[in-house]
Chemist: 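Structure incoming, see below.
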Amino acid sequence: ENVWDPEQNLRGGMAYLRWLLDHFNGNLELALAGYNAGEGAVQRHGGIPPYQETRAYVSRIVGRLEGAAR
(Lines give C-alpha, C1' and ligand atoms only; values in the text may rest on other atoms or scores of the structure.)
Protein backbone atom coordinates (compact mmCIF):
# COMPACT_ATOMS: atom_id res chain seq x y z
CA GLU A 1 0.00 0.00 0.00
CA ASN A 2 2.71 2.49 0.96
CA VAL A 3 6.07 2.00 -0.76
CA TRP A 4 7.58 4.64 1.53
CA ASP A 5 6.86 2.57 4.64
CA PRO A 6 9.97 0.39 5.13
CA GLU A 7 8.11 -2.62 6.53
CA GLN A 8 5.44 -2.56 3.84
CA ASN A 9 8.09 -2.10 1.14
CA LEU A 10 10.10 -5.10 2.38
CA ARG A 11 7.00 -7.27 2.72
CA GLY A 12 5.90 -6.34 -0.80
CA GLY A 13 9.33 -7.11 -2.23
CA MET A 14 9.47 -10.45 -0.42
CA ALA A 15 5.98 -11.38 -1.62
CA TYR A 16 6.93 -10.54 -5.20
CA LEU A 17 10.16 -12.55 -4.97
CA ARG A 18 8.22 -15.51 -3.55
CA TRP A 19 5.76 -15.23 -6.44
CA LEU A 20 8.64 -15.10 -8.94
CA LEU A 21 10.25 -18.19 -7.40
CA ASP A 22 6.95 -20.05 -7.78
CA HIS A 23 6.42 -18.67 -11.30
CA PHE A 24 9.86 -19.85 -12.42
CA ASN A 25 9.58 -23.23 -10.66
CA GLY A 26 12.15 -22.44 -7.97
CA ASN A 27 14.83 -21.26 -10.41
CA LEU A 28 16.57 -18.58 -8.35
CA GLU A 29 18.47 -17.02 -11.25
CA LEU A 30 15.31 -16.57 -13.33
CA ALA A 31 13.43 -15.21 -10.30
CA LEU A 32 16.20 -12.67 -9.66
CA ALA A 33 16.25 -11.70 -13.33
CA GLY A 34 12.49 -11.26 -13.19
CA TYR A 35 12.82 -9.13 -10.06
CA ASN A 36 15.32 -6.88 -11.82
CA ALA A 37 13.97 -6.76 -15.39
CA GLY A 38 10.40 -8.01 -15.00
CA GLU A 39 9.06 -11.50 -15.52
CA GLY A 40 7.88 -10.59 -19.02
CA ALA A 41 11.46 -9.85 -20.12
CA VAL A 42 12.60 -13.23 -18.80
CA GLN A 43 9.79 -14.96 -20.68
CA ARG A 44 10.42 -13.02 -23.92
CA HIS A 45 14.11 -13.92 -23.88
CA GLY A 46 13.62 -17.51 -22.74
CA GLY A 47 15.92 -16.97 -19.77
CA ILE A 48 18.00 -14.21 -18.25
CA PRO A 49 17.62 -11.22 -20.57
CA PRO A 50 20.76 -9.96 -22.33
CA TYR A 51 20.71 -6.74 -20.34
CA GLN A 52 24.06 -5.92 -18.76
CA GLU A 53 22.40 -4.55 -15.62
CA THR A 54 20.25 -7.67 -15.15
CA ARG A 55 23.09 -10.12 -15.77
CA ALA A 56 25.33 -8.24 -13.33
CA TYR A 57 22.53 -8.14 -10.73
CA VAL A 58 21.87 -11.88 -10.95
CA SER A 59 25.58 -12.68 -10.79
CA ARG A 60 26.15 -10.36 -7.82
CA ILE A 61 23.26 -11.72 -5.77
CA VAL A 62 24.00 -15.39 -6.52
CA GLY A 63 27.65 -14.77 -5.64
CA ARG A 64 26.70 -13.23 -2.31
CA LEU A 65 24.38 -16.11 -1.51
CA GLU A 66 27.06 -18.65 -2.36
CA GLY A 67 29.55 -16.76 -0.19
CA ALA A 68 27.10 -16.68 2.72
CA ALA A 69 26.49 -20.44 2.46
CA ARG A 70 30.15 -21.24 3.19
Side-chain angles (χ1 to χ4, degrees):
E1 291 182 22
N2 179 0
V3 298
W4 302 110
D5 177 272
E7 183 176 345
Q8 288 183 29
N9 187 292
L10 285 170
R11 289 185 185 278
M14 290 186 298
Y16 182 47
L17 187 55
R18 173 78 262 159
W19 181 87
L20 287 166
L21 282 166
D22 290 342
H23 183 72
F24 291 114
N25 300 311
N27 185 312
L28 178 62
E29 290 184 352
L30 294 181
L32 289 170
Y35 191 83
N36 182 264
E39 68 269 10
V42 175
Q43 291 168 329
R44 278 192 307 280
H45 291 281
I48 299 172
Y51 312 148
Q52 182 178 356
E53 175 188 337
T54 300
R55 291 183 178 264
Y57 175 79
V58 171
S59 178
R60 186 172 62 249
I61 300 302
V62 169
R64 288 180 182 173
L65 289 171
E66 288 172 349
R70 292 181 194 160

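Heads up: numbering here begins at 1 and tracks the sequence.
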Chemist: Would L65 and L28 count as a side-chain contact (heavy atoms from CB on, under 4.5 Å) if you check the C-alpha gap in whole Å, the side-chain angles of each, and the deciding distance to 0.1 Å?
Modeler: CA-CA 11 Å; L65 289 171; L28 178 62; 3.6 Å; yes

Chemist: Search all heavy atoms of P49 against all heavy atoms of T54 and return the closest pair with its distance.
Modeler: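 Reported closest heavy-atom pair: CD-CG2, 4.1 Å.
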
Chemist: What distance do Y35 atom OH and L17 atom CG have between them, rounded to the nearest 0.5 Å?
Modeler: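 Separation between the atoms: 7.0 Å.
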
Chemist: How long is the span from the CG atom in N36 to the CD atom in E53, to the nearest 0.5 Å?
Modeler: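 Answer for the CG-CD pair, N36 versus E53, is 5.0 Å.
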
Chemist: Between V42 and G34, which heavy-atom pair has the shortest distance, and what is it?
Modeler: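 Shortest heavy-atom contact: CG2-N, 3.5 Å.
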
Chemist: Which residue pairs pass the ring-ring contact (aromatic ring centres under 6.0 Å, His included) test with at least one member in residues 48-70, sequence neighbours excluded?
Modeler: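 Only H45-Y51 qualify under ring-ring contact (aromatic ring centres under 6.0 Å, His included).
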
Chemist: To the nearest 0.5 Å, how far apart are CD1 in I61 and CD in E66?
Modeler: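 Rounded to the nearest 0.5 Å, the CD1-CD separation comes to 12.0 Å.
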
Chemist: Which pair of heavy atoms, one from A37 and one from A41, lies closest together, and at what distance?
Modeler: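 Smallest interatomic distance, heavy atoms only, reads O-CB, 3.7 Å.
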
Chemist: Determine, stepwise, if the pair I48 / L30 fulfils side-chain contact (heavy atoms from CB on, under 4.5 Å).
Modeler: CA-CA 6 Å; I48 299 172; L30 294 181; 4.1 Å; yes

Chemist: Run the side-chain hydrogen bond (donor to acceptor under 3.5 Å, both in side chains) test against R11 and tell me which residues pass, sequence neighbours left out.
Modeler: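 By the side-chain hydrogen bond (donor to acceptor under 3.5 Å, both in side chains) rule, R11 matches E7.
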
Chemist: List, by chain and number, the other hydrophobic cluster members for V3, where Ile, Leu, Val, Met, Phe, Trp and Tyr join if side-chain heavy atoms come within less than 4.5 Å, directly or indirectly.
Modeler: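 W4, all in the cluster of V3.
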
Chemist: Counting only heavy atoms not in F24, do more than 12 sit closer than 6.0 Å to its CZ atom?
Modeler: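 It does: F24 CZ has more than 12 such atoms within range.
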
Chemist: So, taking the atom named CD in E39 and the one named CZ in R44, what distance separates them when rounded to the nearest 0.5 Å?
Modeler: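 So the gap between those two atoms works out to 9.5 Å.
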
